[in-house]
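Below is one structure; the comments refer to it alone.
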Amino acid sequence: MVVYDKNNIRNMYLSPYLKFAWDETGVTVYQIVFCRALRIEAKREKLEIFFTYLKQGITMDRLQTEIRKLLPKADPNLFLTQCIRNGVIE
Amino acid sequence: MKQDIIKKFTKGQIHFCGGVCFEGRSCALLFVPESGTSLLISHEYAEHLRNGEYPDELLGKMLSRGMAFLTGESQLPDHSKSIEPNFFLIDMTQFCNFSCKYCLRSPEITGKRLSKQKLDEILDYIIDTCRSNHYTHISIQPWGGEPLLEFENVMYIHQKMKDSGIQVNISLETNGSLITPEVAEKLTEANISVGISIDGPREIHDAQRLTNSGKPTFEEVTSGIACLQKAGMRNIGSISVITKDSLKELEKILDFFVKQYPDMGIKLNPMHSPGRETARKMALEPEDMPEFAGRLIKKVTDLYKKGYVVRESRTSTLLRNLLCRSDSDLCHSMGCRGGRCMVIFDQKGDVYPCEMVDYPEEKITNIADHRDLKKEIEKAAEKNLYFKEKTSEKCRDCLWRYYCRGGCTSAVMYQNGKNAEINKEGCSLNCAMYQSLIELIVDDPELAFCIMEGREYPGKRMEE
Ligand code: SF4
Ligand code: SF4
Ligand code: SF4
């Protein structure tokens, strides 16, 4: 949970309005405010690192670097746009 | 705590829905009743909002929480009316070996139990409902009376559902007296969640919960809990009814649970249905609820500050509503989901919303008719009183309407036989709880997060 102030407002965070359904090939993230689902396929350990960064707050540049590293199959810009549009990342 | 209304506005293509800004010692909470969502912000940003200045970055966060929307975008989906029957109560027996002073059961009813054959038919009907609606996860609660009087049938439910391949969370609320080491082992093995009715320390418990012959029950109940613990059951819950008398000892009750049973969940049910004539004097009234809420929150926060973790469900559920809107509590996240999500099967195979078995006019269907449950609920929702929206003016402007919507329908119906009114006790309790919890959040957000998540408070000062 984050309290937004002028020092962290530009950082990207994981929305608190999410539910996660894990399976063998990845995770389905449900955004409960918009009732939308986003599917992300990758190893659980990598996804968990990714979500940990987002829980702590991360700059946009660093986030793109991490996506390239952790989720090499994803197009970073497209993936981020999808996450933001669906309210998964704010 | 300061409280200001932030009016709706449009900036470029962004429309803000309007909300309330609560400001405390540490930070501010922007809350939007329309969406039931919130945003924690610094004092500086709260000042900006009050002056009508909306930094772009803040608007971005508001958009992603459904507090604001872009021109042309549709409004938020409302799932409170959706029909997804996935929580099934089964009336196993009306008999009980206890005779608690506040019990809603009529004492004349003894020994009516669900036959194995009818149970089988009910389970077939549930399985058909799941298959035709592609439900893979459901919940079943064997209900009573005392459900463990029907222990064999409870285990039969487990076995039959396991064979069906549908994932079922079976939970039961029991008085605990029939839990032997063998019963405890079987329940643990079957992964059945157990909530034990225990009203607090011995003197408080024994003043309210007696056997049919009037004997105290604390010893039997605690030995049932010990069997479950010994069998390695995790997530044992406790359910305590708070009466006018036991309200005086609320702090003592919470101390008892956190110190004697630190791993156990705590559910405090303020008694507010009138029940039997003799029990009427024991029920809390709307005026008692602010006191209950205030003392509950004060005690829970004090315990956290002393280094305890208190697994009390009402404070954590309501905090979750305010901070991340979990939407999963059938009674307290989106208003009452009785009938739409939760239905009960009585011993004749009739299906009713939630606990409405005493109201024949509220019947949804009978399993013998083999009708599609979802469709039958849709029909009932159009004509039955139970499903009628509560129409109080008060709710329309209420800040907590997203989570409450007039409160518990069964409580209202059992109190006055109609469903046009709100549940006054629940209303008074919600208003007091939410206001105090917001105060807690904006004064000490870290403490609020710890209570919500049930983890140790880093700022604790251990008790001497
Ligand atoms: S244990 Fe439950 S069902 Fe039995 S008398 Fe007490 S409240 Fe009623
Ligand atoms: S019953 Fe009370 S708390 Fe609930 S929505 Fe209505 S006014 Fe609000
Ligand atoms: S009727 Fe009451 S107990 Fe039943 S689902 Fe609704 S709020 Fe919950």
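What you see is a predicted model; the values in this text were computed from it and never measured. Reminder, nothing fancy here: chain letters follow the sequence lines and each chain counts from 1.
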Count the heavy-atom pairs under 4.5 Å between each of B:Ile41, B:Leu39, B:Asp327 and chain A, then report the option with the highest count. B:Ile41
Chain A heavy atoms under 4.5 Å from B:Glu44: which part of the residue, side chain, backbone, both or neither? side chain
Under a 4.5 Å heavy-atom cut-off, does chain B meet the side chain of A:Lys6, its backbone, both or neither? both
Tell me, side chain or backbone of B:Ser38 under 4.5 Å from chain A's heavy atoms, or both, or neither? both
Side chains of B:Asp329 and B:Tyr403: any donor to acceptor distance under 3.5 Å? no
Honestly, is A:Arg62 close enough over A:Tyr53, meaning NZ or CZ under 6.0 Å from the six-membered ring centre and within 45° of the axis? yes
B:Arg25/B:Asp444 ion pair, N-O < 4.0 Å: no
Can you see which heavy atom on B:Ser35 is nearest to which on B:Arg325, and at what distance? O-NH1, 2.6 Å
Salt bridge or not between A:Glu24 and A:Arg44? Use side-chain N to carboxylate O under 4.0 Å. no
Chain A heavy atoms under 4.5 Å from B:His43: which part of the residue, side chain, backbone, both or neither? neither
I'd like to verify something: which residue of A:Ile84, A:Asp5, A:Asn8 has the highest number of heavy-atom pairs under 4.5 Å with chain B? A:Asp5
With a 6.0 Å cut-off on the ring centroids, do A:Tyr4 and B:Tyr45 count as close? no
Applying a strict 4.5 Å limit to non-hydrogen atoms, the region of A:Asn7 in contact with chain B is neither
When the 4.5 angstrom heavy-atom criterion is applied to B:Ser326 and chain A, the contacting part is backbone
